[in-house]
Amino acid sequence: MNAVEAARWYFNQAADLMGLSQNMRRLMLTPKREVKVQIAMEMDNGEIGTFLGYRVQHDDARGPMKGGLRFHPEVDADEVVTLAQLMTWKTAVVNIPYGGAKGGIAVDINLLSRGELERITRRFIDNIHDMIGPDKDIPAPDMGTNAQVMAWAVNQYEKYHGFSPACITGKPLELHGSQGREEATGRGVVIVTEAVLNKLVKPLAGSRVALQGFGNVGSFAARFLHEAGAKVVAISDVAGGVYNPEGLDIAALSRWSSEHKQGVTGFPGADSITNDALLRCDVDLLIPAALGGVITEEVAKDIRARVVIEAANNPTRAEADEILHKRNIVVVPDILANAGGVTVSYFEWVQNRQHFNWDLARVRKELDRVMVDSFDRVWNIAQEKHVSLRTAAYIIGIGRVGRATVLGGI
Ligand code: NAD
């Protein structure tokens, strides 16, 4: 099953239990709008570079659409549609007043200079500025993009529309960003990790963790796990991974990774480990925080962790999900586990609209509340209906979007 089919399969599993009609299913699955644009720009060497950019607006029944911008060579129309749909359920699961969207450019940012990265961002916004905006569709960072890219994106948007910081979230603090946005997804991952371990009557302190991905989400998750006393024994990035059964020194690994082009590999005092072996490590918790589709059927049979926390979007193939379920491995689904990012993006948008800044303590307190409440609701539905946490999360997400759609009318 490819990613699009898998997303539909997860949706239908919940929709079957809810008795949702075929008409409602078609209405809720079909994206509102899909846009594919050509991004032409001058490269540093004077040649013309041509790239493809995408923005998919999936559903706006509950509010303006919201979703990240991904710059990665594997971005394509199917991936963006799938991720936009996930955003619709995710914003509904954590009950923030948004619909779902997603965008991206098929490009390897490692091959771009800083100037080229800025130009590709600006040209992309030139192409989509009319369809985004504070009350329409609000982009944010995702794989391959960060606060700097968001700063260029807002600046370009404002050339057309004037001062409008709420048009994009994940901005630098100096340009109307929010305290706690950068750490939010990783922090949210750790909040739900603690919550699920609580239910399973297991402590987080002393738990052994394997983490795939050491970018925005992975590095903050590692830091907060370490602070909570967990032992992060394996971490990887695109170039490979490192393993230390006694636990990695996260602060030292962060310094190493930012100072060395090859990322985490070569970190002194740790063995090297492949991305594939990391997924099969002897650990209590496995946290994929990089690409989608990495937990395949074969990997699912070998996973030794008792709990999988989906920090990445769509990391588990549908066939693999069945295997994990049969093996009684608890999976905290992406639409709940990584919702901390969009939740603090919502706080940023609220602050921008009110022209009133919150301090870090307030952001963290509000995030903790949203994540814990959302987790409890998903957990209770799963217990009540004897379904997985994923199906329970979809039941909540689809239910909220469905009710808003019916109340609003066609
Ligand atoms: P990032 O670009 O900051 O980091 C990505 C990490 O994945 C890097 O360490 C990179 O080296 C690694 N990686 C890339 N290709 C890989 C491969 N083939 N094998 C192993 N590792 C690989 O991205 P991010 O923002 O941390 O996003 C990571 C995941 O979390 C994505 O699935 C994204 O959709 C999801 N997510 C991000 C946010 C957010 O706020 N940034 C919010 C929700 C979900």
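Along the sequence shown, the residues carry numbers beginning at 1. Just so we're clear, the structure is a prediction, and the values are computed from it rather than from any experiment. One-based numbering, in listed order, for ligands and for the atoms of each.
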Check ion pair [X]-[Y] (N to O, under 4.0 angstrom):
X      : Y      : value
Asp276 : Arg280 : yes
Arg362 : Asp359 : no
Asp284 : Lys231 : no
Glu79  : Lys102 : no
Glu348 : Lys171 : yes
Asp135 : Arg353 : yes
Glu118 : Arg114 : no

Is [X] near ligand 1, meaning one of its heavy atoms is under 4.0 Å from it?
X      : result
Arg181 : yes
Ala311 : yes
Ala289 : yes

Heavy atoms only, cut-off 4.0 Å: how does [X] contact ligand 1, side chain, backbone, both, or neither?
X      : result
Val217 : both
Asp237 : both
Pro315 : neither
Ala339 : neither
Thr185 : side chain

Give yes or no for whether the N/O distance cutoff of 3.5 Å, strictly under, is met between [X] and ligand 1.
X      : value
Gly144 : yes
Ser236 : no
Val238 : yes
Asn216 : yes

*Which atoms form the tightest heavy-atom contact between Lys90 and Asp334, and what is the distance?*
CE-O, 4.0 Å
Among protein heavy atoms, which lies nearest [atom], and at what distance?
atom                    : value
atom 31 (C) of ligand 1 : Ala290 O, 3.1 Å
atom 19 (N) of ligand 1 : Asn275 ND2, 3.7 Å
atom 5 (C) of ligand 1  : Met143 CE, 4.0 Å
atom 17 (C) of ligand 1 : Leu291 CD1, 3.8 Å
atom 4 (O) of ligand 1  : Gly215 CA, 3.2 Å

_At less than 4.0 angstrom from any non-hydrogen atom of Arg70, what atoms of ligand 1 do you find?_
31 (C), 32 (O), 33 (C), 34 (O)
*For ligand 1, which atoms have a heavy atom of Asn313 less than 4.0 angstrom away?*
32 (O), 33 (C), 34 (O), 35 (C), 36 (N), 44 (C)
_Side-chain heavy atoms of Pro139 within contact of Arg55, under 4.5 Å_ = yes
